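Take a look at the structure set out below.
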Amino acid sequence: MADGTKIEWTDATVNVVNGCSVISPGCANCYAMRAGSRNLPGHPSTGLTMPSKAGHVWNGMVRFNARALVLPLHWRRPRTIFWNAHGDLFHNDVPDAWIDRCFAVMALTPHHTHQVLTKRSARMQSYCGNPWTPQRIARVILDEAHAWGVSGAAQLVPLGNRAREEDPSFVLWPLANVWKGVSVEDQKRADERIPDLLATAAAVRFLSCEPLLGPVDLTSIDLPGGWNEVFPLGQECLGRPHVDDDGRAMTRLDWVIVGGESGPGSRPMHPDWARGLRDQCAAAGVSFLMKQWGDWELALDRERDDPDWRADYSNHYVDHGNSKWLNLAGGRGFHGERFVVMRSVGKRAAGRLLDGVQHDGMPARGTSEQVAT
């Protein structure tokens, strides 16, 4: 946890929930899992991994860090804060009470922008859609705000004649300063998680496509409730909210982050995967941020650099070690569509330019519409 971070799309991190478990291909080389394996003194992930044939992996245990929880309460200058870089707030073993306390702190710090990212999209949708959630968060504020050294009354809205004696108030939901996102590393995870995200009430919805391990077509997502019948494909997911003729809110994505993988065992990202998401966002007017290439840079694009197939693929562009063959579908076949050779040069050297351009798009802070779902 830090006031200040190297993550390109946020200002600070707070690691309240630490520990996780592997649930999809994007988890394989998790940097927090690697850090936990080194048993660094004071590191939030220490003791939460176990050895395996593939190296250290999460052991499924989760831990709550009460000290990290209150840090945003003491930061007076507005910040964008990423919650739980070393865990998942919506992990199955995280009690609702822990999540309530996190959102209580977010409610008490409206001057900050809070970013919550998960791979457990179904649980996030369930938690945020529970009608009792705003009252449970209010209960935390009433019980703990004084001990935290802050006043919580201004963040509570009376329930009036609907009030119960034990729940006299609730917080205005969804919180206007909380951005909610899901991790999407390939099309399968996009198909699984994006519908849950779109069904979750949020001020801003975003995708973290890192590590991007395959092409993602956001125009092919099968959305719930017959939304595909209301808007043509390619318009449901991206852009600002629209309302159909029956008054239904058509919720959209606001922001897409793309990044390649870095660190031991990192996998290369095909340039066309990043370009595809960039172009989809540009067409829909959605903010796009290219975070990094990871450890890999483009060494050869066969269509551009070797249309006659005369390059030496047994020496300079061999598929071995620091040089990897990759095609558009994600395979290593030499004859696959859009064949490229990627070379491992390290994160710093690979940089974050996409076709020579640095993309730093972000949604406007504090001005996004709240959309009820």
Side-chain angles (χ1 to χ4, degrees), residues 5 7-14 24 26 79-85 88-90 102-103 106 112-125 127-128 174-187 189-212 216-219 221 223 235-242 249-260 273-274 276-292 352 354 359-373:
T5 175
I7 300 174
E8 289 81 356
W9 45 266
T10 197
D11 299 326
T13 59
V14 288
S24 67
R79 294 159 171 80
T80 299
I81 302 170
F82 174 39
W83 285 69
N84 302 309
D88 193 323
L89 185 60
F90 294 100
C102 291
F103 275 100
M106 297 179 206
H112 296 320
T113 297
H114 300 279
Q115 299 164 319
V116 178
L117 179 66
T118 184
K119 288 184 172 68
R120 279 80 177 174
S121 57
R123 180 157 187 220
M124 180 173 69
Q125 179 193 353
Y127 172 88
C128 294
L175 297 177
N177 62 330
V178 177
W179 301 1
K180 297 168 187 169
V182 296
S183 296
V184 168
E185 63 261 46
D186 54 25
Q187 191 67 49
R189 262 44 67 166
D191 293 338
E192 292 172 353
R193 297 169 185 166
I194 290 176
D196 291 336
L197 175 63
L198 294 176
T200 302
V204 167
R205 296 177 181 84
F206 69 98
L207 304 182
S208 175
C209 302
E210 182 189 14
L212 187 57
V216 175
D217 181 2
L218 296 175
T219 71
I221 307 298
L223 299 180
Q235 296 182 8
E236 302 91 347
C237 287
L238 293 167
R240 298 308 308 155
H242 289 259
M250 307 300 293
T251 53
R252 309 297 176 92
L253 299 175
D254 302 281
W255 187 31
V256 175
I257 304 164
V258 167
W273 302 341
L277 286 168
R278 174 201 62 191
D279 294 346
Q280 291 175 65
C281 289
V286 169
S287 299
F288 175 81
L289 188 146
M290 178 70 177
K291 180 178 180 289
Q292 64 174 28
R352 52 189 298 256
L354 178 56
H359 295 273
D360 288 318
M362 290 187 74
R365 307 184 191 195
T367 61
S368 299
E369 301 176 38
Q370 287 183 297
V371 182
T373 56

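Remember, it's a predicted structure, so these values are computed and weren't measured experimentally.
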Exercise. Given side-chain contact (heavy atoms from CB on, under 4.5 Å), test Leu89 with Trp83 step by step and report yes or no.
Key: CA-CA 8 Å; Leu89 185 60; Trp83 285 69; 5.7 Å; no

Quiz item: Step by step, would you call Thr113 with Ile81 a side-chain contact (heavy atoms from CB on, under 4.5 Å)?
Solution: CA-CA 6 Å; Thr113 297; Ile81 302 170; over 6 Å; no

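Closest of all the heavy-atom pairs between Phe103 and Leu175 is O-CD1, 3.7 Å. Ala202 and Lys180 get closest at one heavy-atom pair: CB-CD, 3.7 Å. His112 and Arg79 make their closest contact through ND1-N, 3.1 Å (heavy atoms, listed as atom of the first residue, atom of the second, distance). Closest approach of Pro195 to Ala190, counting heavy atoms only: CD-O, 3.7 Å. Heavy atoms only, all atoms of each residue included: Ala203 and Ala176 are closest at CB-O, 3.5 Å. Minimum interatomic distance between Met362 and Trp9 (heavy atoms only, all atoms of both residues): CE-O, 3.6 Å.
Ion pairing between a basic and an acidic side chain is recognised when a charged N comes within 4.0 Å of a carboxylate O; Arg352 and Asp360 show such pairing. Between Glu185 and Arg193, at least one side-chain nitrogen of the basic residue sits less than 4.0 Å from a carboxylate oxygen of the acidic one, meeting the salt-bridge criterion.
For the side-chain contact (heavy atoms from CB on, under 4.5 Å) with Gln125, the lone residue among Leu197, Leu198, Thr200, Val182 that qualifies is Thr200. Only one option out of Leu354, Val216, Val184 pairs with Leu277 in a side-chain contact (heavy atoms from CB on, under 4.5 Å); it is Val216. The only option from Asp196, Thr118, Asp88 that meets the side-chain contact (heavy atoms from CB on, under 4.5 Å) definition with Met124 turns out to be Thr118.
Gln280 contributes a side-chain N or O that, together with a main-chain N or O of Leu218, makes up a donor-acceptor pair within less than 3.5 Å. A donor-acceptor contact shorter than 3.5 Å is absent between the side chain of Asp217 and the backbone of Gln187. Between the side chain of Thr80 and the backbone N or O of Asp11, no donor-acceptor pair lies under 3.5 Å.
Put simply, CZ on Phe90 and CZ on Arg120 are 11.5 Å apart, with the number rounded to the nearest 0.5 Å. Taking CG of Leu207 as the start and CD1 of Ile257 as the end, the distance is 8.5 Å to the nearest 0.5 Å. Atom NZ of Lys291 and atom OG of Ser208 lie 8.0 Å apart (nearest 0.5 Å).
Residues passing the salt bridge (charged side-chain N to carboxylate O under 4.0 Å, His left out) test with Asp186, sequence neighbours excluded: Arg189.
Note: Trp255 and Phe206 have tilted aromatic rings, judged against thresholds of 30 and 60 degrees for the angle between ring planes.
Val258 is not listed as a side-chain neighbour of Arg278, based on a closest heavy-atom distance of 4.5 Å or more. In this structure, the side chains of Asn84 and Val14 stay at 4.5 Å or more apart for every pair of heavy atoms.
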